Amino acid sequence: MSQDRMTVTAFFYPPSNGAELMTENEVLSSLAYRKVNYGINKDVIHNFFEHRQYCKTLVVAQGKPVVQGRDAKVELHFNANLRAKPTLKEDGSVDYFHLNLINNVEAGQLLATLHPEKPGEPGINVHGENIKPHAVKSAFIKYGKNTVPFRR
C-alpha cells in the first residue's frame, strides 16, 4: 500500500514445490482483512488468475484522487503598478509636480474582471475515507464613485 493510501499493488511469485496455488478469493479476503474496501480492481485480479503471469506489479486497488479547486482572482485591465516618475521637460529640467500616478480611463471602459473561485472535489482513499481538497479563497471587487458594476 502506498503511503498516501491511494494505491495498493500486488506482486505474485510462483508457488514453491508442493505448495498450493493461491485463489482469487484469498486475495480479496486479504484485501478485506487490511480494510481495503474502495477502488478494488476485480478485473485485474481476475485476469491474473486466468493467465497467471508472475513477477509483475499489479495495481489491485486505486483510490479516487482529490481534484484541487482554484482561488478567485481579480484581473485588472489597466496598469496598477505605476511608479512615481517625474516628467522630463524639453529643456532638460525635471517636473516633480506631474508624477504620473493616475490612470486616465474612458467612460464605459472595462476596468477589472472577477474570475470566481472554483471549489475542489473530494477524493477517496482505498480504505473508503474521504480526503478533502484545500480550501479556496473568494475575492470581490471594490468599486467607487463613477464606476458601475457590469454583470455578464
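Quantities reported herein were computed from a predicted structural model and do not represent experimental measurements. Atoms considered below: every heavy atom in the structure, side chains included; atoms not considered: hydrogens, waters and symmetry mates.
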When you measure from the side chain of [X] to the backbone N and O of [Y], does any donor-acceptor pair fall under 3.5 Å?
X      : Y      : value
Thr9   : Val59  : no
Asn125 : Gly128 : yes
His127 : Lys35  : yes

| query | Is Arg5 salt-bridged to Glu129, going by a charged N under 4.0 Å from an acidic O? | reply |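 Salt bridge between Arg5 and Glu129, a charged N being under 4.0 Å from a carboxylate O: yes.
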[X] [atom1] to [Y] [atom2] distance, which is reported to the nearest 0.5 Å:
X     : Y      : atom1 : atom2 : value
Ile40 : Ile45  : CD1   : CD1   : 6.5 Å
Met1  : Met6   : CE    : CE    : 12.0 Å
Asp71 : His134 : CG    : NE2   : 10.5 Å
Phe11 : Thr57  : CZ    : OG1   : 5.0 Å
Glu50 : Arg52  : CD    : CZ    : 9.5 Å
Arg34 : Ser29  : CZ    : OG    : 11.0 Å

State, to 0.1 Å, how close [X] and [Y] come at their nearest heavy-atom pair, and which atoms those are.
X      : Y     : value
Asp4   : Thr7  : OD1-N, 4.5 Å
Pro133 : Val67 : CB-O, 3.9 Å
Ala139 : Ala72 : N-CB, 3.5 Å
Ala61  : Val36 : CB-CG1, 3.8 Å

| request: Starting from Val105, walk the hydrophobic network (Ile, Leu, Val, Met, Phe, Trp, Tyr; side-chain heavy atoms closer than 4.5 Å) and list everyone else you reach, by chain and number. | output: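 Besides Val105, the hydrophobic cluster comprises Val74, Leu76, Phe78, Leu111, Leu114, Ile141, listed by chain and residue number.
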| Do Leu31 and Tyr38 belong together in a cluster built from hydrophobic side chains that touch within less than 4.5 Å? |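 Looking at the clustering, Tyr38 is in a separate group from Leu31.
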| message | Quick check on the hydrophobic clustering: are Phe49 and Val8 connected, directly or via other members, by side-chain heavy-atom contacts under 4.5 Å? | response |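 Same cluster: Phe49 reaches Val8 through Ile, Leu, Val, Met, Phe, Trp or Tyr contacts under 4.5 Å.
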| query | Do the ring planes of Tyr54 and Phe48 sit parallel (below 30°), tilted (30 to 60°) or perpendicular (above 60°)? | reply |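 Tyr54 and Phe48: perpendicular rings.
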| task | Apply side-chain contact (heavy atoms from CB on, under 4.5 Å) to His77 and Thr113, showing your working. | result | CA-CA 8 Å; His77 300 287; Thr113 303; 2.5 Å; yes
| field | CG (Asp43) with more than 12 external heavy atoms under 6.0 Å | value |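 Counting neighbours around CG of Asp43, 12 or fewer heavy atoms of other residues, nucleotides or ligands fall under 6.0 Å, so no.
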Taking distance alone, no hydrogens or angles, what donor-acceptor pairs closer than 3.5 Å link side-chain atoms of residues 17-26 to residues at least two apart or in another chain?
{"unit_1": "Thr23", "atom_1": "OG1", "unit_2": "Glu26", "atom_2": "N", "d": "3.3"}
{"unit_1": "Glu24", "atom_1": "OE1", "unit_2": "His46", "atom_2": "ND1", "d": "3.1"}
{"unit_1": "Glu26", "atom_1": "OE1", "unit_2": "Thr23", "atom_2": "N", "d": "2.8"}

| said: Run Glu117 and Arg70 through side-chain contact (heavy atoms from CB on, under 4.5 Å) and show every step you take. | reply: CA-CA 6 Å; Glu117 69 272 6; Arg70 184 184 69 219; over 6 Å; no
| Results of side chain to side chain donor-acceptor pair (under 3.5 Å) for Thr147 - residues two or more places apart only |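 Thr147: no side chain to side chain donor-acceptor pair (under 3.5 Å) contacts found.
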| query | After noting the C-alpha distance and the side-chain angles of Lys42 and Val44, does the key distance pass the side-chain contact (heavy atoms from CB on, under 4.5 Å) rule? | reply | CA-CA 5 Å; Lys42 291 184 181 179; Val44 170; over 6 Å; no
